[in-house]
Chemist: 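Handing you a structure now.
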Amino acid sequence: MIIGVTGGIASGKSTVARAFAALGIPWVDADDVAREVVEPGEPALAEIAARHGRRVLLADGRLDRRALREIVFADEAERRWLESVTHPRIRERLLAHLARLQARGAPYVLLVSPLLFESGQHRLVDRRLVIDVPEALQIARTAARDDVDEAQARAIVAAQMPRAERLALADDVIDNGGDEQALAAQVAALDRRYRNLAGSPSVP
């Protein structure tokens, strides 16, 4: 069984994944795979460089993520183009990573993806777990973590799927607006539920 884990920026997806990992559950992070497909020598990076030139490359030839982010946040058409280049390649590698984890015999595995719904990756999973935090906390965490001002953090949050829409698509929700103890209790409860579901032939 594959559990898709998603949430807005700075909602704590990786923190939740590590909490599941402490209970013996392996996970694949779509962000890590997204970085893999634009490494030097990868076809996706060649396509991006051909379109945008040296302005999106660092001196060592690696992708300048900040420069590319500024382009795609300012231009919806460029964001869609970038997704058309990267998403199919990300999906292919995610499937390979997930298959390797499933072969190890864990009761279930996690696919952690900030764009689970937007990219269509939700079609790869059996259940959809949304990590939810109040928007004000999300903005504060984004500003602190990514060293951007509040206006930039608000723009990043606004560019993502609306919170209400994401929650409406969830099978399960973790509220990550509290402390570590509250989060651990929610993860433990869901782990018991998922183990039960994985042992049943009638997984929703």
Side-chain angles (χ1 to χ4, degrees), residues 1-34 83 86-139 141-142 156-204:
M1 188 169 74
I2 302 171
I3 308 298
V5 180
T6 193
I9 188 170
S11 58
K13 296 177 291 294
S14 295
T15 300
V16 169
R18 286 192 291 270
F20 276 103
L23 300 174
I25 303 303
W27 55 295
V28 176
D29 190 326
D31 273 351
D32 291 342
V33 176
E83 289 173 352
T86 59
H87 284 186
R89 292 179 168 104
I90 293 168
R91 183 181 188 278
E92 182 180 343
R93 293 205 187 183
L94 283 174
L95 286 170
H97 284 306
L98 288 166
R100 281 194 289 271
L101 292 182
Q102 289 173 312
R104 296 177 188 173
Y108 62 94
V109 299
L110 306 181
L111 166 56
V112 181
S113 174
L115 298 175
L116 187 75
F117 301 120
E118 298 93 325
S119 66
Q121 292 167 6
H122 63 284
R123 299 187 187 96
L124 306 178
V125 307
D126 299 294
R127 291 189 72 82
R128 299 164 294 192
L129 170 59
V130 167
I131 315 307
D132 185 51
V133 295
E135 189 172 289
L137 181 56
Q138 198 180 3
I139 290 166
R141 286 178 178 175
T142 300
I156 293 169
V157 171
Q160 297 190 327
M161 175 180 282
R163 180 186 181 195
E165 187 176 343
R166 191 185 297 115
L167 287 170
L169 295 169
D171 295 305
D172 307 295
V173 176
I174 281 180
D175 176 0
N176 195 22
D179 59 22
E180 290 182 17
Q181 202 168 12
L183 177 63
Q186 293 177 81
V187 168
L190 278 174
D191 177 63
R192 290 191 293 272
R193 183 179 187 193
Y194 292 155
R195 287 174 187 270
N196 287 336
L197 287 171
S200 165
S202 57
V203 176

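We use all heavy atoms of the structure for the numbers below, so side chains are in, but hydrogens, waters and symmetry mates are not.
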Chemist: Could you tell me which non-hydrogen atom of Arg127 sits nearest to which non-hydrogen atom of Arg193, and how far apart they are?
Modeler: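 Looking at all heavy atoms of both residues, the closest pair is NH2-NH2, 3.4 Å.
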Chemist: What I want to check is whether the side chains of Asp172 and Tyr194 have a donor and an acceptor closer together than 3.5 Å.
Modeler: yes
Chemist: With a 4.5 Å heavy-atom cut-off, do Ser11 and Asn176 have their side chains touching?
Modeler: no
Chemist: To check you understand the geometry: which heavy-atom pair defines the closest contact between Gly177 and Asp175, and what is its length?
Modeler: N-OD1, 2.9 Å
Chemist: Check whether any side-chain heavy atom of Asp191 sits under 4.5 Å from a side-chain heavy atom of Tyr108, and report yes or no.
Modeler: yes
Chemist: Spell out, as yes or no, whether a donor-acceptor pair under 3.5 Å connects the side chain of Lys13 to the backbone of Val112.
Modeler: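 Here the side-chain-to-backbone pair does not exist.
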Chemist: Roughly how far, to the nearest 0.5 Å, is OG1 of Thr15 from CG of Leu183?
Modeler: 7.5 Å
Chemist: Leu169 versus Val130: any side-chain heavy-atom pair under 4.5 Å?
Modeler: no
Chemist: For the residue pair Glu83 and Glu118, establish whether any side-chain heavy-atom pair is separated by less than 4.5 Å.
Modeler: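 They are not in contact (no side-chain heavy atoms under 4.5 Å apart), so the answer is no.
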Chemist: List the atom of Leu110, the atom of Ala17, and the distance in Å for their closest heavy-atom pair.
Modeler: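 Nearest pair, atom of Leu110 first, then Ala17: CD1-CA, 4.1 Å.
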Chemist: Looking only at non-hydrogen atoms, find the nearest pair between Ala30 and Ile90 and report the distance.
Modeler: O-CG2, 4.5 Å
Chemist: Quick one: pull up CZ in Phe20 and CD1 in Ile174 and give me the separation to the nearest 0.5 Å.
Modeler: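 So the CZ of Phe20 and the CD1 of Ile174 are separated by 5.0 Å.
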Chemist: Within a strict 4.5 Å, meaning less than it, do heavy atoms of the Ile2 and Leu124 side chains meet?
Modeler: no
Chemist: What heavy-atom pair brings Asp31 and Asp29 nearest, and what distance separates the two atoms?
Modeler: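 Closest heavy-atom pair between Asp31 and Asp29: N-OD1, 2.7 Å.
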Chemist: Quick one: does Arg195's side chain have a donor or acceptor within less than 3.5 Å of a partner on Pro107's backbone?
Modeler: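 No; judged by distance alone, with no hydrogens or angles, the pair does not exist.
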Chemist: Would a distance-only check, ignoring hydrogens and angles, find a side-chain to backbone donor-acceptor pair under 3.5 Å from Gln138 to Ile9?
Modeler: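 Between the backbone of Ile9 and the side chain of Gln138 there is a qualifying donor-acceptor contact (under 3.5 Å).
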Chemist: Taking only residues at least two apart or on different chains, which pairs with a member in residues 87-96 satisfy side chain to side chain donor-acceptor pair (under 3.5 Å)?
Modeler: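 For residues 87-96: Glu42-Arg93, Glu47-Arg89.
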Chemist: Between Gln102 (side chain) and Val109 (backbone), is there a donor-acceptor pair under 3.5 Å?
Modeler: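 No, because the side chain of Gln102 does not come within donor-acceptor range (under 3.5 Å) of the backbone of Val109.
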Chemist: Do Asp171 side-chain atoms and Arg128 backbone N/O form a donor-acceptor pair below 3.5 Å?
Modeler: yes
Chemist: Would you name the heavy atoms of Leu101 and Pro26 that are closest together and state the gap between them?
Modeler: CD2-CB, 3.8 Å
Chemist: Hey, could you give me the CD1/CG distance between Ile3 and Leu111, rounded to the nearest 0.5 Å?
Modeler: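 Between atom CD1 of Ile3 and atom CG of Leu111 there are 10.5 Å.
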Chemist: Would the distance check show the side chain of Thr6 and the main-chain N or O of Ser113 forming a donor-acceptor pair, the cut-off being under 3.5 Å?
Modeler: yes
Chemist: Using side-chain heavy atoms (C-beta onward) and a distance below 4.5 Å, is Val133 in contact with Arg141?
Modeler: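 Result yes, sub-4.5 Å side-chain heavy-atom pair found.
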